[in-house]
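Report on the following structure.
What you see below is based on every heavy atom in this structure, not just the backbone, and it leaves out hydrogens, waters and symmetry mates. One-based numbering, in listed order, for ligands and for the atoms of each.
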Amino acid sequence: MDRGKVISLCYLKENIFMIKLSNSNWMVYAISVFAALAGLLFGYDTGIISGAILFIKKDFALSAFQIEMVVSAVLLGALVGSGLSGRLTDRFGRRKVLVFTALTFITGSLATTFAPNLDWLIFGRIILGIAIGVGSFTAPLYLAEIAPQRIRGMLVSLNQLAITIGIVFSYLVNYYFSARGRWPWMLGLGVVPAAILLLGTIFLPESPRWMLLKGWEHKARAILQRIRGDENINREFDEIQQTVQMEKGTHRLLLAKWVRPILFISLGLSFFQQVTGINTIIYYAPTILQLAGFQQAGGAILATLGIGIINVLFTIISLPLIDRWGRRPLLLLGLTGMFISLAIMGIAFYYPGFAALRWIAVGSMVIYIASFAMSLGPIMWLIISEIFPLNIRGVGASLAISASWGFNMLVSLTFLTLIQLMGPSHTFWLYAFLCILGWLFVYFIVPETRGCSLEHIEQNLRLGLPSCELGVPINKSSNKKHNSFFSSLK
Ligand code: BGC
């Protein structure tokens with residue numbers, strides 16, 4: 001029998017059922033698809049409220065402030081959840097935390113679906129937010145740690161693809177149930193992918209990198225071998241081992257001087273991903289389109305669906321490019337597109353009587369979302385999951401991601417107020433200006449991590465290379481080390 005095609009359900013070991021595939025990539029892809037379900041739930045549960053709130057508002061007779069509370073309870077939960085998740089994943093491992101994420105998603109969905117009053121609803125939304133926060137951190141981290149280096153960018157970005165699919169899925173569900181006015185169904189459907197995620201976690205192996213960190217060398221090697229199939233894993237395993245032995249890290253390491261560039265890069269990326277305005281479009285697209293002249297809510301919702309689909313399509317286009325062109329070119333290109341579209345939107349809103357305004361608004365939103373989807377969307381998550389040293393990858397990335405939820409909340413809670421205070425054109429110009437700052441940040445600070453193993457990135461960091469050179473392959477960087485060593489002697 002052709003062994004390459006044999007898929008055999010094999011052994012139960014430390015509560016892990018493993019599907020053994022002799023072709024290693026199959027194994028990695030199967031694992032990744034399950035792990036990325038956390039991203040789908042992230043997209044679904046953040047997107048669904050835009051439609052559900054229209055009916056919840058009537059049923060519970062909510063004030064404007066109460067509406068804001070229902071919408072932003074998720075962001076608050078996500079901020080807390082992602083802040084906690086670093087410690088959780090470092091302590092309990094990546095897989096167990098994914099199981100916890102799935103269970104929390106199920107609890108939160110059920111609590112909101114059967115909420116008898118506003119308090120329950122807000123409570124359920126906070127629980128959902130915690131699941132989103134923990135999942136938004138754990139899934140990309142896990143994916144980065146099990147991915148072979150050559151396709152790491154693509155695999156980690158599957159998570160972003162799943163987020164965008166979840167958003168479209170939520171828009172479709174909104175559209176379907178809005179005619180029937182059944183908001184509990186809208187919220188309750190989130191249980192389905194959450195249950196699939198829970199089932200999937202039974203099959204997921206623990207991250208070999210984390211196992212090594214805990215000192216379980218034999219288990220780590222066995223799992224890495226199972227994931228990589230027939231490949232020789234000696235070199236990869238040695239590299240991980242070396243990194244782990246260099247320093248048994250503590251959370252205080254996060255304050256060490258040599259780690260600061262990484263903190264700066266990751267906080268900067270999460271800042272620019274949010275303050276350049278993505279969620280003004282994701283959460284408020286129908287509102288913007290109505291401001292631009294679409295009278296009918298139906299038309300605005302349909303256009304929003306279109307924007308969600310463009311988001312998915314361009315994320316798919318970016319997946320192979322991230323490892324082929326690299327992270328930096330895509331980020332620079334994307335930020336340029338985002339700047340141009342926001343600037344045009346600002347100009348169009350400056351002349352409100354202009355007949356073509358609504359089409360310019362749609363066109364600019366399409367360019368904006370396509371540019372985001374090819375750049376800051378996937379790449380922020382990717383770089384954050386790559387650049388922290390292994391010992392503090394958990395806490396470091398969780399700090400950056402919870403900051404991102406904080407920035408998200410800031411933008412989502414101020415957007416409508418800014419429009420009232422400064423008008424739409426100045427608001428869009430403000431986001432356009434932030435795109436320019438983001439472009440400069442990427443150009444001067446953000447490293448290219450394509451083709452560089454996570455261990456090499458860490459070694460470069462320890463060698464003290466400037467932040468934008470952290471992804472330089474190690475043989476080139478060790479020459480640089482000599483330079484910087486000698487220059488420091490001068
Ligand atoms: C961002 C979210 C955003 C989504 C849109 C994610 O990368 O973190 O805030 O809603 O992309 O696709």
Number the atoms of ligand 1 from 1 as they appear, then name those within less than 4.0 Å of a heavy atom of [X], with their elements.
X      : result
Asn311 : 5 (C), 12 (O)
Phe372 : 11 (O)
Gly377 : 7 (O)
Thr164 : 12 (O)

Around [atom], find the nearest protein heavy atom and jot down its residue, atom name and distance.
atom                    : result
atom 8 (O) of ligand 1  : Gln273 OE1, 3.0 Å
atom 11 (O) of ligand 1 : Gln160 NE2, 3.1 Å
atom 3 (C) of ligand 1  : Asn279 OD1, 3.4 Å

(message) Can you confirm if the aromatic rings of Phe92 and Trp210 lie within a centre distance of less than 6.0 Å?
(response)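 No; Phe92 has its ring centre 6.0 Å or more from that of Trp210.
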(message) If you measure every N or O of Trp381 against every N or O of ligand 1, does any of those distances drop under 3.5 Å?
(response)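 Looking only at distances, the answer is yes, because the N/O contact criterion of under 3.5 Å is met.
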(request) Look at the aromatic rings of Phe407 and Phe271 and report parallel, tilted or perpendicular, splitting at 30° and 60°. (result)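 The arrangement is perpendicular - the two ring planes meet at more than 60°.
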(request) To the nearest 0.5 angstrom, please state how far the OG1 atom of Thr276 sits from the CH2 atom of Trp439. (result)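 Between Thr276 OG1 and Trp439 CH2, I get 15.5 Å after rounding to 0.5 Å.
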(message) Does Trp381 form a side chain to side chain donor-acceptor pair (under 3.5 Å) with Asn159? I'd like the steps, not just the answer.
(response) CA-CA 9 Å; Trp381 299 101; Asn159 186 56; over 6 Å; no
Just let me know how [X] lines up against ligand 1, side chain, backbone, both or neither, with a heavy-atom cut-off below 4.0 Å.
X      : result
Leu376 : neither
Thr315 : neither
Met380 : neither
Thr46  : neither

(message) Show, in sequence, the C-alpha distance, side-chain angles and deciding distance for Asn408 and Ser412, and conclude whether the side chain to side chain donor-acceptor pair (under 3.5 Å) test is met.
(response) CA-CA 6 Å; Asn408 184 343; Ser412 309; 3.0 Å; yes
(message) I'd like to know if Arg152 pairs up with Glu386 as an ion pair, taking the criterion as any Lys NZ or Arg NE/NH1/NH2 lying under 4.0 Å from an Asp or Glu carboxylate oxygen.
(response)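 Yes, Arg152 and Glu386 are salt-bridged.
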Testing the 3.5 Å rule here: is there a donor-acceptor pair between the side chains of [X] and [Y]?
X      : Y      : result
Ser170 : Asn174 : no
Trp405 : Ser270 : no
Arg327 : Thr449 : yes

(message) Just to be sure I'm reading this right: ignoring hydrogens, which of Ile369, Ile167, Val411, Leu161 gets closest to atom 5 (C) of ligand 1? Compare them by their nearest heavy atoms.
(response)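 Ranked by closest heavy atom to atom 5 (C) of ligand 1, first place is Ile167.
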